[in-house]
Amino acid sequence: MGYKMIYLDNAATTPVREEACEEMLPYLKEQYGNPSSIYRIGREARNAVEEARERTAEALGARSDEIFFTSGGTESNNLALKGVVRNRGGKMHIITSSIEHHAVLDVCMELEKEGHEVTFLPVDRYGLVNPGDVEKAVKPNTSLVTVMAANNEVGTIQPLEKIGAVARENNIIFHTDAVQAAGNIPVDVNKWNVDLLSISSHKFNGPKGAGALYARKGTGITPLWQGGAQEKKLRPGTENVPAIVGMGKALELAAGELPEKIKELTGMRDRLMEGLLSMEEVVLNGHPSRRLPGNVNVSIKYIEGESLLLSLDMEGIAASSGSACTSGSLDPSHVLTALGLEHELAHGSVRFSLGKGNTMEEIEYLLNVIPGIVERLRQMSSVYRQNKR
Amino acid sequence: MGYKMIYLDNAATTPVREEACEEMLPYLKEQYGNPSSIYRIGREARNAVEEARERTAEALGARSDEIFFTSGGTESNNLALKGVVRNRGGKMHIITSSIEHHAVLDVCMELEKEGHEVTFLPVDRYGLVNPGDVEKAVKPNTSLVTVMAANNEVGTIQPLEKIGAVARENNIIFHTDAVQAAGNIPVDVNKWNVDLLSISSHKFNGPKGAGALYARKGTGITPLWQGGAQEKKLRPGTENVPAIVGMGKALELAAGELPEKIKELTGMRDRLMEGLLSMEEVVLNGHPSRRLPGNVNVSIKYIEGESLLLSLDMEGIAASSGSACTSGSLDPSHVLTALGLEHELAHGSVRFSLGKGNTMEEIEYLLNVIPGIVERLRQMSSVYRQNKR
Amino acid sequence: MYNEKIMEHFSCPRNVGEIENPSGVGEVGNMKCGDIMKIFIKVEEGIINEVKFKTFGCGAAIASSSVLTEMVQGKTLEEAEKITNRHVAEELEGLPPLKMHCSNLAADALHKAIEDYKVNLGK
Amino acid sequence: MYNEKIMEHFSCPRNVGEIENPSGVGEVGNMKCGDIMKIFIKVEEGIINEVKFKTFGCGAAIASSSVLTEMVQGKTLEEAEKITNRHVAEELEGLPPLKMHCSNLAADALHKAIEDYKVNLGK
Ligand SMILES: Cc1ncc(COP(=O)(O)O)c(C=O)c1O
Ligand SMILES: Cc1ncc(COP(=O)(O)O)c(C=O)c1O
């Protein structure tokens, strides 16, 4: 068909890398045993799951008995937060940020409804949480702090070490949603002082359908499900062996290639930012440097994000936006709003997230076609001429 | 390596059928889009998920907007039971059977701990629930009945139509765990009068990592997780597209082939039962005819299940047992115990579960080797000679 | 998400622009929900013989504006007043449910433009 | 699950059977947990020069019975009394954690057999 795509939405999901896919396939085909079975293909499946656990642990600086496999990032976050709160029992206070992914934010709002108190910390215009704010928010009954490692929309990387230190000093359990961080920046559960950490396989070139929760030895977590004895009963259900194997491989490789990947992506990212910002009335969202190596997020004034995405798609370019039209709700992104963006800028935001396989040629191609698209949409816009007068 | 296996543990998990695997692979590879994305490969992923939903619905006699994808049977059961109970609010009464899978039984026990009342109905020696018992157990505050469609250990098929009718007359929500039924016997949510029904892909030659919950329109269910807007917010998290596609295909094919499959499996099953029962001191567990077409479960006196399984494995035969040694706990199967088996018989149980791809030659091979294995283990057994005296 | 007809109108929208000295102008929507549509009409002898639009908004907003201008062209004011947002959605062969409300306001903008024309006329 | 040494003992267990007119017999375990081990010894001049076992139980139970009989063969009673379940597990190069308690009782059965011998002796 000759359809060539430039995929710049690696924060939404990523292609499964060849090596991970290859290691998965036998477990999808002839090696189909249930890891709980005692005969040969069962034992082999068990070994594969345990090897993936070791690889995952290694990549996060953790021990393998601290890794619990889940179906993805949403499950890991829910299990971590609700698991800790239910394990503690009674009403408590939780601290989080106002730019978390819905899989943390909405969990916190649910816990609020259940009678717990939640502090949603503000962020600065770059999306940074101030560790001092965390300290100030601590109350005698604060039992959990959850702040994401890196933001999925604007890519801002939080000062986790410092936030973790505050939590540790105050004897508070610290969770981080590292779904966007894993495979993109160095992750180390000890350096970050975290007790709980969530990852999702499909964000780092592993398959969909697998995730993990790191839980530091001794962290009390009540399971969300009951069933079989899998994952030490913290997460019962037949293991998704092929996806777990693929995730382990993908994470191991990503961790090994990280310095090189960061260098490459940062180069492309900076060229893309520079090119976009050289257009008229385009502003950068997020932090100029403390951001994920593959994240570019800008607002293009006078045009609406979805129509920009559709136009880019017609040119074979895949990207994302924080506009209401693409958020599945009637409001623009809560992240952009928390950064202080007016509605117009939030609706006009576009995110390009680079990943494995992107090239500088693709960036140049994008930079070539986007001015025409922007011009066309602005000419159509009811707010453009107006504002220019 | 010349390793040839006779796989007779299809109730534990099944190989992914070729056609399902083939339909999945593109979504594992080049078609990696996130179904929530608006550009081309995102829309294509969305279409694939929705087509799988239609296929799944069709196979269950349901509407596609009543199908919610999950990660497997354990999740579907937890979501159904806890979802309904939390949606209702307040303390209530639940009716279930004493031979449910742990993914229902342990959920009910958890709900009991939370202050709800649960009636665990007894079964007869064949494993059948008496619909009259359900009727008698109904109380004014009974809000949920959950009885499995077919038992995973002994294969007994419950009189769901009648149980469903009792539930309906009393205005009680009726859930069934159809994880073992789907793909093995006809499933029809309307004929069975069920409001909620759980299935798990890897039990009917689909991939691991996908399952579904059927929820009749209007059945109030509170989600277990918060996060994105996927699955109408009942089950947030990026969809496991390849596994969902594979499940849809596998279920569609299984439903189409069902009459033929039932005939074939029943033939092999009956031959296997007859052969096993012709050995000395072997008894059948479960119902002689009202059982899954592929299920054979017998107790072989004086020998312990795990050692039998290991011996079978050395002959390349994969099977399962309800002995404590293989249950991951210190007690033998709660199902066999509920059927009234003494410990000795429960420990000596072995389950052969036939599926797609098994042949009569395999059955004959098994029947050829098993007498020698049984004799050898009995000669070694501390309780054999004793009892023969 | 969007059907072919919508995508066709989105990629080749009809009657984009403004009319100098229009008979009437109507604007609906707001920046909060992210859709602002502006319809310009030229009326002669009770007939809309020119109509243009400018829209800030998503694909559905742009396509519905575009298709509306086609529907209105050459219609009498009475006929034009009878066109509803639902008619526009039908003309587009269906809009995604989420888009039915906030992005499907082109007919409202048209009605405002007609009102504006009538007010101008009365002056 | 099980290592090679265990599987080797499971598939070719040593000294299966009973001893006619044994010096002592010891039995441990119960049907509830699914493991019953019986050890028969023949003692001559303070030395165990014949030992046999019969076991109803899982792979670990059979393998630990088998390896115990090897460990005990030719030992003095004093030496045999010092053999613990832990030694048996070590000789098998490790047992799965779940099996450490209920299936690893061969040494207990041996000690009972020695006790039985001593009681018989005293009669
Ligand atoms: C920061 C963050 N957390 C959590 C999630 C949820 O992950 P998943 O969709 O794999 O459940 C995502 C991705 O959607 C994310 O970007
Ligand atoms: C009857 C029954 N229900 C539920 C389950 C749980 O399914 P899964 O392991 O796919 O979560 C199983 C299988 O293990 C089962 O046989």
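Values below: all heavy atoms of this structure, side chains included; hydrogens, waters and symmetry mates excluded. In what follows, every chain begins at residue 1, and chains take the letters A, B, ... in the order their sequences are listed.
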For the NZ atom on D:K5, are there more than 12 heavy atoms of other groups (residues, nucleotides or ligands in this structure) within a distance under 6.0 Å? yes

Looking at side-chain heavy atoms only, is the closest gap between D:M31 and B:V383 below 4.5 Å?
yes

d(B:S382 OG, D:K54 NZ) to nearest 0.5 Å is 8.5 Å

NZ/NE/NH1/NH2 to OD/OE distance under 4.0 Å, D:K32 and B:E344: no

B:S307 and D:G59 have their tightest heavy-atom pair at CB-N, 4.3 Å

When the 4.5 angstrom heavy-atom criterion is applied to D:S11 and chain B, the contacting part is both

Value for CD1 (B:I303) from OG1 (D:T55), rounded to nearest 0.5 Å, stands at 14.0 Å

Applying a strict 4.5 Å limit to non-hydrogen atoms, the region of D:A60 in contact with chain B is backbone

When every non-hydrogen atom of D:F56 is compared with those of B:Y302, the smallest separation belongs to CD1-O, 3.2 Å

Atom CD of B:E342: over 12 foreign heavy atoms under 6.0 Å
no

Measure the shortest side-chain to side-chain distance between B:R376 and D:P13 over non-hydrogen atoms and say whether it is less than 4.5 angstrom. yes

Taken to the nearest 0.5 Å, the spacing of D:C58 SG from B:L309 CG works out to 11.0 Å

SG (D:C33) and NE2 (B:H347) are apart, to the nearest 0.5 Å, by 6.5 Å

So, the part of B:M380 with a heavy atom under 4.5 Å from chain D: the answer is both

So, the part of D:I62 with a heavy atom under 4.5 Å from chain B: the answer is side chain

Cut-off 4.5 Å, heavy atoms of chain D, and the answer for B:L310 is both

